[in-house]
Amino acid sequence: MDKFTVARMLDEISRYIELSDPNPFKARAFEKAARAVENLEEDIVTLVESGGLKDVSGVGKATGQVIEEIVRTGGSPYLEELRAQYPPGIFELLRVPHLGLKKIGVVYSELGVASIDQLEEAARSGALNKLKGFGAKTTEQILKGVAFARMRESQFLLPVGIEVGELIRERLADFDEIEDAEVSGSVRRRLEVIRNVNIVVATKKPEAVVARLSDLVADVEQLDDTTYRGVARGEVPVLFHLAAPAEFGSVLLRTTGSEEFVEAFGKIAKAKSETDVFKKADLAYVEPERRENAEDLQRKTRRKLVELANLRGTFHVHTTFSDGRNSMQEMLSAAHQRGWEYVGISDHSPTAYYAGGLSPERLKEQHAEIRRHERDVAPMRVFRGTEADILQDGTMDYGPKILSKLDFVIASVHSNFKMDKDEMTDRILRAMDDPNVTFIGHLTGRKLLAREGYTVEYERIFEKAGQRGVMIEINGNPNRLDLDWRHIHRAVDHGVTFSINPDAHSIGEYNAVITGTWVARKGGLSAKHIFNTKTVDEVAEFFASRHAS
DNA sequence: GCCGTTTTCGGCCCGACTGTTTTCAGTCG
C-alpha cells in the first residue's frame, strides 16, 4: 500500500461527502487529510504501525481510522458504504463545465440524474428548470456543457495516443507474421490533441494478422481492403493500415499525414522505407512533427530540430512548499538522477492562495531547505526562482526587493482570465517591463480539452519579449502545451528565446520536458533557440547580467 | 471533520464571476 493510493481513496470519500453533506468543511477535511498523506516523508505503513499517524497535522480521529483501515486491509468500509449510495460513474458528470459536486448532488437526489444522457434529458424536459437554484440560464449553460463534454469524448490528449500506440506496437512485435510496425497519423506528428491512433503494419500474411487484431483491440471492423478499425481502452479508436513490406515506407508517409502535407507531396512512390520515398521524389526528408502544412515540404532550408538530449536542465518546478506533490529533496534528487546540470525551483507567490503561494517568510524557509539539500545533488546547480502572479494591473506579486534577490522569475497570469484581448496584452506587456522578470509562464493559460486560454495579441507580446530579452516558456505539461506551436515562428521572427519547462508538480511530471520538446520541434526550433540547452555557466551568467542591467 | 484554545466551540484559504437571488451559493482558478 503506497501513500498515493491512500490519498486517492480519501479524495474519493471527500467527493462523496460534498455530494450530500451541507457542511463544506467535512469534505475539505478529508481532502486535507489526502494532501497530508501525499506529503508524508515517512513510509505510510511504518507510520501506521508505529502509531505516529495521530501526530500528522490534518489527520484526526475519523480520517486517521479510515487511513489505518486502508493500510491494514487495502479497503475502506466507509468508502464502500458511500459508493453503494450512488450509481457508479456519477462523477462523470464533473466533465460538464459549471456543474460541480453540489449541483450534481442536487440533480441526483431530486431527479435521479446520474449520467450525461439523463442530465440532457432533464434539461430538455424542463425538469431541471424547476429545481431550486436552477434557472433558465443554468439550464442553457448545462446543455452547452453537455455538448462540450460529448465533443471531448472523441478527443484525447497526445500522451494517451502515445501510450496506446506504443503498447500495441510492442505487442505486435510478438506476432511472427509481422515484419515491421510503426505508429503514424497525428500521434506521430505529435499533435497536441488527437482523435485516433494509426498503426502501419508490414506483413506478407494480412489475413493472419487480421485474425489476431481482436487480441489487441475491441470491436474490430473492416473499413476498406487494407484498413481495420478497433477500440482500445474502451474509448480510443485505433486504425490498422496493413501494407506489403515493400510498401511500408509509402503507407507510413501517407497515413502520417497531414492531409495537406500528403497532397502537397504529390505522387508517393512505393518504397520499403520512408526515406526512400523522399529520395525517389527528390525531396529532403521532413521530420514527422513538421508535416502539417504544404509549406513544410517546400521550405528550402531546414533547421536541425532541438532534441530532448540537448536539454541540460529545466525551470518551473514546484514542491510541497506550494502545490507540488513531492518534497524539495525528492524534486532535487529526481532532477539530479536525470543527469541535468541545473534545475530551477519556482513555487507560487502569495496571491495564488489556492495553490499555497509562499509568503516572504516561507520563501526564506524554502531557500534554507534548498541549502540543506543542494550539496547532495552537486555538481547539479539549483537556481532559486518563483512563479509569481502577474496581478490585474500588470504589476508583479512580491515587491522588487524580493524579486531582485532571486535567480529567475517566471511571470504568470492565474486570475481574471476574462479580461479582453487588449487589456490582457497590456497586462502582460507591463509585467515584461519589470526588470526582474525572466520568463513569461504559460502564455495563454489554456487547458487542452477543458478550457480556452485568455486571448492575447501575440505580435505585440513577441515584439516586446524580443526587445526586453524576456523568454517565453514552452510549457510542456500535456494539458497545456502553451505556447501553441502554431505561433512559434512569429516569435522567432522577433528574436525571442524560449525555455522548455515542465511546470512539474511531481517527479513524474518532469517528463513534461519530453512533450515540451515535441512542441518546440513542431514549431521548428533548434537547440540555439532554447535557453535550457545552455550550459550551467551560461545560464548563471545570463541571470547575473539581468540583475546588473 | 480538524484544530487550537484566554480548552470543548467557532472558524476553517481567497477573489472573481455568474446566476439566482433580495443577501447568497456554486464554480473556478
Side-chain angles (χ1 to χ4, degrees), chain A residues 10-11 13-37 53-68 76 78-79 82 91 93-108 110 123 128-145 148-149 318 321-323 348-359 362 387 389-393 397 412-420 423-424 427 441-442 444-447 450-454 475 477 479-480 482 503 505:
Chain A
L10 290 168
D11 276 325
I13 290 173
S14 162
R15 285 203 299 272
Y16 277 118
I17 292 172
E18 203 173 338
L19 281 181
S20 56
D21 200 304
N23 175 12
F25 298 104
K26 187 171 170 182
R28 202 175 298 171
F30 277 87
E31 212 185 318
K32 246 178 156 170
R35 300 291 79 73
V37 165
L53 201 57
K54 61 181 190 310
D55 299 325
V56 178
S57 173
V59 176
K61 214 173 141 196
T63 53
Q65 197 195 333
V66 169
I67 294 167
E68 218 174 303
S76 159
Y78 182 41
L79 176 56
L82 289 166
F91 294 125
L93 286 170
L94 282 172
R95 295 216 313 264
V96 179
H98 309 292
L99 197 64
L101 288 162
K102 279 276 171 278
K103 283 193 174 135
I104 292 173
V106 172
V107 297
Y108 178 68
E110 297 295 318
L128 208 59
N129 226 328
K130 296 195 181 81
L131 297 181
K132 197 171 177 234
F134 290 75
K137 287 207 172 165
T138 302
T139 303
E140 194 185 320
Q141 213 173 36
I142 283 178
L143 280 172
K144 268 190 200 159
F148 180 81
H318 297 274
F321 271 87
S322 64
D323 60 348
H348 286 281
S349 64
T351 306
Y353 284 109
Y354 57 87
L358 272 55
S359 65
R362 285 282 289 160
E387 181 183 16
D389 273 37
I390 302 174
L391 304 179
Q392 191 154 9
D393 64 358
D397 197 7
S412 299
V413 168
H414 287 124
S415 59
N416 302 90
F417 282 33
K418 288 187 176 162
M419 289 168 91
D420 72 33
E423 280 179 323
M424 189 57 94
R427 179 179 176 184
H442 46 70
T444 72
R446 74 175 180 182
K447 288 266 177 81
R451 68 159 192 245
E452 301 273 319
Y454 32 88
N475 189 303
N477 182 318
N479 290 289
R480 293 185 180 270
D482 184 12
D503 198 351
H505 289 76

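Sequence lines set the chain letters: A, B, ... in the order given, protein chains first and strands last, and positions in each chain run from 1. All values derive from a computational prediction rather than experimental measurement.
Using the Watson-Crick or G-U wobble rule with both distances under 3.5 Å, B/dC2 pairs with B/dG11.
Checked for salt-bridge contact, A/D11 and A/R35 meet the test: a charged N lies under 4.0 Å from a carboxylate O. With respect to A/D503 and A/R480, a salt bridge is recorded, a charged nitrogen being found less than 4.0 Å from a carboxylate O.
Among the protein residues, A/G58 comes within range of the sugar-phosphate backbone only, with heavy atoms under 4.0 Å from sugar or phosphate atoms but none that close to a base. Using a 4.0 Å heavy-atom distance criterion, A/T138 is classed as a sugar-phosphate-only contact. Using a 4.0 Å heavy-atom distance criterion, A/P24 is classed as making no nucleic acid contact. Contacts of A/K132 with the nucleic acid, taken as non-hydrogen atoms under 4.0 Å apart, are absent. Using a 4.0 Å heavy-atom cutoff across all strands shown, A/L99 reaches sugar-phosphate atoms only and no base atom. If you check every strand for non-hydrogen atoms under 4.0 Å, A/V56 touches sugar and phosphate atoms only. Among the atoms of the strands shown, none is found under 4.0 Å from any heavy atom of A/T351. Across all strands, A/A355 comes closer than 4.0 Å to no nucleic acid atom at all (heavy-atom distances).
For the P atoms, the distance from B/dG1 to B/dT5 is 22 Å, rounded to whole Å. B/dT6 and B/dG11 are spaced 16 Å apart, taking the P atom of each and rounding to whole Å. Between B/dG15 and B/dT8, the two P atoms lie 30 Å apart (nearest whole Å). B/dT18 and B/dG4: their C1' atoms are spaced 36 Å apart (whole Å). Across B/dG29 and B/dT23, the matching C1' atoms stand 25 Å from one another, rounded to whole Å. When the P atom is used for both B/dC13 and B/dC3, the distance is 12 Å, rounded to whole Å. Distance noted for atom C1' between B/dC24 and B/dT20: 9 Å (whole Å). A gap of 15 Å separates the C1' atoms of B/dC2 and B/dT7, to the nearest Å.
Between A/S57 and A/F134, it is A/S57 whose nearest contact on DNA chain B lies nearer the 5' terminus. Taking for each of A/Q141 and A/K103 the nucleotide of DNA chain B with the nearest heavy atom, the 5'-most of the two is the partner of A/Q141.
Using a 3.5 Å distance cut-off with no hydrogens or angles, the side chains of A/N477 and A/N475 do not pair a donor with an acceptor.
Side chain of A/S322 to backbone of A/G356: no donor-acceptor contact under 3.5 angstrom is found. Looking at A/D389, its side chain never comes within 3.5 Å of a backbone N or O of A/L391 through a donor-acceptor pair.
From A/L99, atom CG reaches atom CG of A/L94 across 7.5 Å, with rounding to the nearest 0.5 Å. Between A/L19 atom CG and A/L101 atom CG the span is 5.5 Å, to the nearest 0.5 Å.
Using a 4.0 Å cutoff to heavy atoms of chain A, the contacted part of DNA chain B runs 5' to 3' from B/dG1 to B/dG29.
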Practice prompt. I would like to know whether A/Y16 and A/F91 meet ring pair (Phe, Tyr, Trp, His ring centres under 6.0 Å); could you show each step before the answer?
Written response: CA-CA 9 Å; A/Y16 277 118; A/F91 294 125; 4.9 Å; yes

